[in-house]
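Here the structure is laid out as structure tokens; the discussion comes afterwards.
All residue numbers refer to positions in the sequence shown, counting from 1.
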Amino acid sequence: MTPYARRGVHGQTVKVLARRILGGDIPEGATLDLVALQSELDVSLTALRESLKVLAAKGMVDARQKRGTFVRSRADWNLLDADVLRWQFEGSRTTEADQALLRNLAEVRAIVEPAAVRLAALRRTDEDLAALDAALDAMGEEEAGAAHAVESDLAFHRALLAATHNELLERMEMVIESGLAHRDRIVHSSPHSENPVPAHRAVLDAVRDGDPQAAESAMRALLDQAGRDLDRVGDTDETEGPRPQ
């Protein structure tokens, strides 16, 4: 499905409203002034209402007689929706909500990926190994830049989930991918992160060997390194100034 962010004016309107809600600029419980928003965003009232229908389908807003359209409680938002996850991290600044979601993501990865890689070690095919090899080779192309490093990392973790041959685990990429991409953009734009290739190669070697215990241990080591990288970048930001975006 094409992301709403790529669907012209309608998509941009949805994204702007979503980012304001997710970032707390429009707080939970707030009633939206549709006339003011229509004027500010320079869209028709029909287009604005259609955009709000998208957010309503994701649990972010609702409409009631006499109250109008309002922002629902965060507990009602579909935070596992791929669009919501992407919108959470698409702003030019990292909010407290973004940081909290990154911490939550790290906990989810610590639960899901070590268990998933055990299955991958038992079920991987030659095609799975070829996809993992290709992603790892791409990850090692240091001259290709930060954007390439992000995509190759995502490709590696996507291939690992696919190697489980469990279609529900494969769908976990929707939960992991947006936050992982945001985390990677922060880390790979900094000179203070560790080389990610050896940790990923250790995971791949264990999967190739069909050793689920070694694969799980290697994945836990990789996730520990990922946490250290993010902490190191954060510590550097506090002493050296704003983080590169």
Can you name the closest pair of heavy atoms from Leu161 and Met172 and give their distance? CD1-C, 4.2 Å

Keeping Glu28 on the side-chain end and Arg74 on the backbone end, is there a donor-acceptor pair under 3.5 Å? yes

Looking only at heavy atoms, what is the nearest atom pair of Pro212 and Gly210, with distance? CD-O, 3.2 Å

dist Leu37:CG -> Leu52:CG (nearest 0.5 Å) comes out at 7.5 Å

Rounded at 0.5 Å granularity, tell me how far NZ in Lys53 sits from CD in Glu50. 4.0 Å

Under 3.5 Å: donor-acceptor pair, side chain of Arg123, backbone of Ala163: no

In Å, rounded to the nearest 0.5 Å, how long is the span from CD of Gln38 to CZ of Arg49? 9.0 Å

Drop me the distance from Leu22's CG to Trp77's CH2, to the nearest 0.5 angstrom. 5.5 Å

Side-chain contact test, heavy atoms from C-beta onward, threshold under 4.5 Å: evaluate it for Lys58 versus Asp83 and give yes or no. yes

Short side-chain to backbone donor-acceptor contact, Glu170 and Thr164, under 3.5 Å: no

Do the side chain of Arg72 and the main chain of Gly29 share a donor and acceptor less than 3.5 angstrom apart? no

Could you check if a side-chain atom of Met60 sits within less than 4.5 angstrom of a side-chain atom of Asp81, using non-hydrogen atoms only? no

If you link I, L, V, M, F, W and Y whenever their side-chain heavy atoms are under 4.5 Å apart, who else ends up in the same group as Leu223? Val117, Leu129, Leu132, Leu136, Met139, Phe156, Leu160, Val197, Val203, Leu204, Val207, Met219, Leu222

Closest heavy-atom pair and its distance - Arg109, Glu113: NE-OE1, 2.5 Å

Side-chain donor/acceptor of Arg118 to backbone N/O of Pro114, under 3.5 Å: no

Arg64: partners by salt bridge (charged side-chain N to carboxylate O under 4.0 Å, His left out), with sequence neighbours left out: Asp62

Heavy-atom check, side chain of Asp133 versus side chain of Arg208, under 4.5 Å: yes

Strictly distance-based, threshold 3.5 Å: is any side-chain N or O of Ser39 a donor or acceptor partner for the main-chain N or O of Ala36? no

Is the backbone of Asp76 close enough, under 3.5 Å, to the side chain of Ser73 for a donor and an acceptor to pair up by distance? no

Looking only at heavy atoms, which two atoms of Ala138 and Ser152 are closest? And how far apart? CB-CB, 3.7 Å

Non-neighbouring partners of Arg220 that pass salt bridge (charged side-chain N to carboxylate O under 4.0 Å, His left out), sequence neighbours left out: Glu216

Hphob cluster co-occupancy, Val150 + Met174, side-chain heavy atoms under 4.5 angstrom: no

Would you tell me whether His148 and Glu141 have side-chain atoms, one donor and one acceptor, within less than 3.5 Å of each other? yes

Do you know which two heavy atoms are closest between Ala115 and Ile111, and how far apart they sit? CB-O, 3.9 Å

Thr69 versus Ala63, closest heavy-atom pair with distance: OG1-CB, 3.8 Å

State plainly whether one hydrophobic cluster holds both Val14 and Val9, where clusters connect Ile, Leu, Val, Met, Phe, Trp and Tyr through side-chain heavy atoms under 4.5 angstrom apart. yes

Any chance you could measure Asp33, atom CG, to Glu40, atom CD, to the nearest 0.5 Å? 10.0 Å

Hey, what do you get for CG (Leu32) to CG (Leu55), rounding to the nearest 0.5 Å? 9.0 Å

Under 4.5 Å between any side-chain heavy atoms of Leu17 and Leu48, yes or no? yes

Beyond-backbone contact of Leu85 with Glu177, side-chain heavy atoms, under 4.5 angstrom: no

Quick check against the 3.5 Å criterion: does Asp205 have a side-chain atom that pairs as donor or acceptor with the backbone of Ala202? no

